[in-house]
Amino acid sequence: MSFTVNPLGEIIHTTQKVNLVPTQEDVLDLSPGGIEQALKTYDIGGIPCATAICYDAFRIPHTENEPGFSPILPRLDAMGAQIVAQPSANPWPWDEPFPFQPGHLRRDQWRQEGAYSMLSTFHNISVVVNPQLLFSALDIHFDGQSTIYGRTINGPTILAQSPHYHAQPSSEDIIHTRWITE
């Protein structure tokens, strides 16, 4: 689940994850959230926003054995969402081949199949904010680069991106950008 909190610390929106990651979350006896709940938008400062948790912001499934996979972003775009939060915890090494696509690095697969790859097709979604959990302990490792993507007249672009760490960072990186609409 993902919680959107206002400046007063109040939860203004709750999103459940719809698409469980194959070989990871699907073997933990987790239950996916309902699609109806994931397709709700909320306003922040008069801007329609939405949340698509990690794999929910991908356009295609990682494997052929995911008949229930449902791309969320095209539907949120049709509903008028303009900014999407995509909180993520990627369990595969960022700079190594992705297990489901040998020969492709996870970082490349993320861009080719994730939110970035769909931005140019949207009419409403202009910005996707993708914070990545970086964590290593025992046998658990999450890897990635926090990124803010934007849709421009020239296509999708990276507005801001954190450095990539091969191990857990020693401090917190904060990325930001200014997005001006006309």
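What's counted below: heavy atoms across the whole structure, side chains too, no hydrogens, waters or symmetry copies.
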### Task
For F122 and V84, run side-chain contact (heavy atoms from CB on, under 4.5 Å): C-alpha distance rounded to whole Å, both residues' side-chain angles, the deciding distance at 0.1 Å, then the answer.
CA-CA 12 Å; F122 295 148; V84 174; over 6 Å; no
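- Side-chain contact, Q112 with Q101: no donor N or O sits under 3.5 Å from an acceptor N or O.
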Please table the atom pairs, donor to acceptor, closer than 3.5 Å between any side-chain atom in residues 8-15 and protein atoms at least two apart or in another chain.
{"unit_1": "E10", "atom_1": "OE1", "unit_2": "N6", "atom_2": "ND2", "d": "2.7"}
{"unit_1": "H13", "atom_1": "NE2", "unit_2": "T15", "atom_2": "OG1", "d": "3.1"}

### Message
Go through it in stages, so that I can follow the logic: the residues are N19 and D56, the test is side chain to side chain donor-acceptor pair (under 3.5 Å), and I'd like the CA-CA distance, side-chain angles, deciding distance and then a yes or no.
### Response
CA-CA 6 Å; N19 298 301; D56 289 349; 3.1 Å; yes
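- Distance check, rounded to the nearest 0.5 Å: NZ of K40 to CD1 of I35 gives 12.0 Å.
- Distance CZ/F98 to CD/Q109: 4.0 Å, rounded to 0.5 Å.
- Side chain of Q82 to backbone of N124: no donor-acceptor contact under 3.5 angstrom is found.
- No side-chain heavy atom of P74 sits less than 4.5 Å from a side-chain heavy atom of T121.
- Hydrophobic clustering keeps Y42 apart from I47 (ILVMFWY residues linked when any side-chain heavy atoms are closer than 4.5 Å, directly or through intermediates).
- Contact record, T41 with A50: CG2-CB, 4.3 Å, taken as the closest heavy-atom pair.
- With a 4.5 Å cut-off on side-chain heavy atoms, M118 and V128 do not count as touching.
- Heavy atoms only, all atoms of each residue included: S88 and N130 are closest at OG-ND2, 2.8 Å.
- Among residues two or more places apart in sequence or in another chain, the salt bridge (Lys or Arg N to Asp or Glu O under 4.0 Å) test is passed with R107 by D95.
- Between Q132 and W94, some side-chain heavy-atom pair lies under the 4.5 Å cut-off.
- In this structure, CD1 in I148 is found 12.0 Å from OG1 in T157, a value given to the nearest 0.5 Å.
- Put simply, the side chain of T152 gets close to the backbone of N154: a donor and an acceptor are under 3.5 Å apart.
- Between F100 and H62, the ring planes lie parallel to each other; the angle is under 30°, not in the 30° to 60° tilted range.
- V18 and M79 fall within the same hydrophobic cluster, defined by Ile, Leu, Val, Met, Phe, Trp and Tyr side-chain heavy atoms under 4.5 Å apart, directly or through other members.
- In this structure, a donor-acceptor pair under 3.5 Å is present between the side chains of T147 and Q161.
- Shown here for A52 and L73, the closest heavy-atom pair between the two residues is CB-CD2, 3.9 Å.
- F69 and Y55 have tilted rings, their planes meeting at an angle from 30° to 60° on a 0 to 90° scale.
- Judged purely by atom type and a 3.5 angstrom limit, Q16 has no side-chain atom pairing as donor or acceptor with the backbone of M1.
- Taking all atoms of both residues into account, the shortest heavy-atom contact from E66 to P22 is OE2-CG, 3.6 Å.
- Shown here for G144 and L134, the closest heavy-atom pair between the two residues is O-CD2, 3.4 Å.
- Atom CG of D77 and atom CZ of R75 lie 13.0 Å apart (nearest 0.5 Å).
- There is no path of hydrophobic side-chain contacts, each under 4.5 Å, that joins I53 to L76.
- The backbone N or O of I125 sits less than 3.5 Å from a side-chain atom of R151, completing a donor-acceptor pair.
- The two residues A38 and I72 make their nearest non-hydrogen contact at O-CG2, 4.3 Å.
- Evaluated for a side chain to side chain contact (heavy atoms under 4.5 Å, CB included) with Y149, the options V127, I158, V129 yield exactly one hit, I158.
- Proximity of F142 to P91: side-chain heavy atoms (C-beta onward) are separated by under 4.5 Å at one or more points.
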